[in-house]
Amino acid sequence: MRPLPRRGVARLADARVAVWGRGAEGTAAVALARAHGAEVTVVDDRAEGARTGQLEASLPSAVLAPTVVADGDFDVVLHSPGVSRYRPELAAAAARGSWVTTMTALWFEDFGDEQVVAITGSKGKTTTALLVAAALEASGRRVAVAGNMGRPLAELYAPDALPVDAYVVEVSSYQAAELTVSPPVGVLTLLAPDHLQWHGSYERYVADKLNLFAHRPGMVVAVNATDPPSWAATGALAGRVGYGAACSPIGLLPSGDGDEGGSGAVMVEGIAYGDVEILARTGFQLRGRHNLVNLCGALSAAQAVTGVVPPAEALARVLATAAPLPSRLRTVAVARGVELVDDTLASNPAGTVAALQTFAGRRICLLAGGADRGVSFEALVAELVALASSVSVVALGPAGARLADELAAAASRGTRVPRVVMAVTVEEAVEQAVSLVGTCGVVLFSPGAPTPSEEGTYVERSAAFAEAVSRVVGEATTPTTPTTPTTPTTPTTPTTPTTPAGGAPC
């Protein structure tokens with residue numbers, strides 16, 4: 001193997017590079033490596049010997065099987081997030097002298113000393129990242145948002161990329177695992193078991209996530225102090241700042257409004273964060289207490305970058321345009337007083353617990369289940385037991401069957417549990433749910449499990465839910481997605497409480 005440059009994409013210059021994975025990140029990595037003169041081999045677990053998918057225009061004549069990584073002579077092996085760093089082929093390549101890494105790790109080597117805020121956590125990463133960007137923009141910063149949420153970091157190398165003042169990067173556990181450089185500011189939203197097949201164990205999953213914060217002594221890390229696992233796991237971080245009600249009085253931060261805001265503890269009830277409490281009752285459309293916690297984390301990170309809390313009115317203008325993200329507590333229809341909510345991206349039990357808490361006080365029929373990764377349902381079962389008088393469950397797939405079994409076991413011990421029925425398809429589940437929930441209830445598709453492979457991606461499962469809703473309920477009031485106005489206006493504070501965005505008129 002030839003000696004490689006020490007940092008970043010310079011490692012790819014004129015190198016023999018294997019790119020393992022042909023999704024969005026693989027596409028961008030291939031283009032970037034070739035722009036640096038690399039000889040690129042594309043590898044995929046579904047090697048078919050032909051050009052396919054997004055890489056159609058840029059692939060060589062064949063996509064090769066992973067055995068080439070173990071047996072080949074590569075200077076660099078770039079593996080996509082979905083390819084576990086613990087695969088034996090990668091270990092064999094490293095033993096042969098290849099530099100095994102990811103596009104995310106290379107980007108942090110090049111950009112890690114810039115104004116970068118990196119967000120990780122089992123849930124809430126994307127929402128928090130977008131809220132960080134909004135808070136920085138309210139302070140007058142130009143921001144680029146990229147990473148796990150969709151825009152590959154490799155695209156930020158483009159010669160025509162717009163100049164920015166700060167980067168906001170969502171980092172999955174997969175992406176954090178290979179990092180050798182930490183950014184100046186980080187956020188940890190939540191820790192709960194997930195992706196255990198990729199990492200091998202929960203302990204390794206946590207260690208891989210926290211690797212994001214391991215390479216810059218004293219970096220500022222905003223940690224959700226309302227989440228005991230996150231708080232316990234980060235006690236050794238010298239630059240830790242807590243956010244959320246449980247951390248009071250940690251983190252008194254100065255207001256960006258001079259004397260008008262004073263200072264406020266980073267808390268959550270009603271957004272007790274100086275003047276920002278107005279967001280809880282104005283145009284802030286993201287539902288659920290967990291999103292108020294996410295906002296507090298975003299404000300903590302933005303303050304670490306700028307030194308001040310954004311002016312409250314400017315922040316309110318920006319956040320009033322933040323619509324619910326696809327497949328995250330998004331109301332797809334209201335029919336006969338029943339609200340049908342898509343939360344398909346809640347692919348672990350912690351996300352489903354947060355969704356149930358969002359609608360506490362209303363009748364809920366939960367659609368749960370999918371592929372079974374063996375993640376514990378203990379917390380979800382406890383939440384369902386607590387809400388047993390107002391919740392019913394339609395269970396789907398192997399994970400749904402296991403959830404039903406655990407609820408049945410609780411019932412056999414004399415515990416009151418929700419009514420549970422099984423369904424085979426998403427459409428059948430919607431039919432069952434509408435009949436169970438009653439007027440003014442919520443049909444909540446929050447699986448607590450990944451999408452089964454036969455149903456495609458979570459995007460396809462989300463679309464299947466929307467189509468099933470349309471077929472089952474017929475004529476319905478479908479909420480429109482708010483658009484960002486060209487000239488934001490200051491939201492007015494309502495004199496009386498209003499139904500949450502997209503909510504049923506009950």
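Atom set for the values below is all heavy atoms of this structure, side chains included, hydrogens, waters and symmetry mates excluded. In this text, all values refer to a predicted model and were calculated from it rather than measured experimentally. Just so you know, residue 1 is the first one in the sequence shown, and it goes up from there.
- A donor-acceptor contact closer than 3.5 angstrom is absent between the side chains of Ser230 and Asn224.
- Donor-acceptor pairing under 3.5 Å is lacking for the side chains of Arg11 and Thr101.
- Between Ser80 and Arg22, the closest side-chain pair of non-hydrogen atoms is not below 4.5 Å.
- Between the side chains of Arg240 and Thr234, a donor-acceptor pair is found at a separation under 3.5 Å.
- At a cut-off of 3.5 Å, with distance as the only test, a side-chain donor of Ser122 or Tyr205 sits close to an acceptor on the other residue.
- Side chain of Ser173 to backbone of Lys209: no donor-acceptor contact under 3.5 angstrom is found.
- Side chain of Thr358 to main chain of Ala354: a donor-acceptor pair is present (N/O by atom type, distance under 3.5 Å, no hydrogens or angles).
- The shortest distance between side-chain heavy atoms of Arg141 and Gln115 does not fall below 4.5 Å.
- Using modelled atom types, one side-chain atom of Thr352 and one backbone atom of Ser446 make a donor-acceptor pair closer than 3.5 Å.
- Of the possible donor and acceptor atoms, one in the side chain of Arg96 sits under 3.5 Å from a partner among the backbone N and O of Asp71.
- Between His79 and Arg85, some side-chain heavy-atom pair lies under the 4.5 Å cut-off.
- Gln175 has its side chain out of reach of Val169: every pair of non-hydrogen atoms, C-beta onward, lies at least 4.5 Å apart.
- With Ser172 contributing its side chain and Tyr174 its backbone, the two residues share a donor-acceptor pair below 3.5 Å.
- Among Thr128, Thr226, Thr120, Asp227, the single residue meeting the side-chain contact (heavy atoms from CB on, under 4.5 Å) criterion with Leu190 is Asp227.
- Using modelled atom types, no side-chain atom of Arg328 and backbone atom of Leu286 make a donor-acceptor pair closer than 3.5 Å.
- Counting heavy atoms from C-beta outward, Leu90 and Val83 have side chains that approach closer than 4.5 Å.
- Between Phe111 and Tyr167, the ring planes lie perpendicular to each other; the angle is over 60°, past the 30° to 60° tilted range.
- The local environment of CD in Glu39 is sparse, with at most 12 non-hydrogen atoms from other residues, nucleotides or ligands closer than 6.0 Å.
- Between Tyr458 and Ser347, every side-chain heavy-atom pair lies at or beyond the 4.5 Å cut-off.
- Put simply, the side chain of Val68 does not reach to within 4.5 Å of the side chain of Glu89, judged on heavy atoms.
- Inspection of the Asn291 and Asn294 side chains reveals an N or O donor paired with an N or O acceptor under 3.5 Å.
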query: Passes salt bridge (Lys or Arg N to Asp or Glu O under 4.0 Å), Asp113 versus Arg216? Steps please.
result: CA-CA 10 Å; Asp113 292 331; Arg216 185 181 295 268; 2.6 Å; yes
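- At distances below 3.5 Å, not a single donor-acceptor pair connects side-chain atoms of Thr41 with backbone N or O atoms of Ala18.
- For the pair Met103 and Leu106, the minimum side-chain heavy-atom distance is below 4.5 Å.
- Under the 3.5 Å distance criterion, with hydrogens and angles disregarded, a donor-acceptor pair is assigned to the side chains of Thr126 and Glu170.
- A donor-acceptor distance shorter than 3.5 angstrom exists from the side chain of His215 to the backbone of Leu179, with no hydrogens or angles considered.
- Using modelled atom types, no side-chain atom of Ser98 and backbone atom of Ala94 make a donor-acceptor pair closer than 3.5 Å.
- Put simply, the side chain of Asp75 gets close to the backbone of Arg16: a donor and an acceptor are under 3.5 Å apart.
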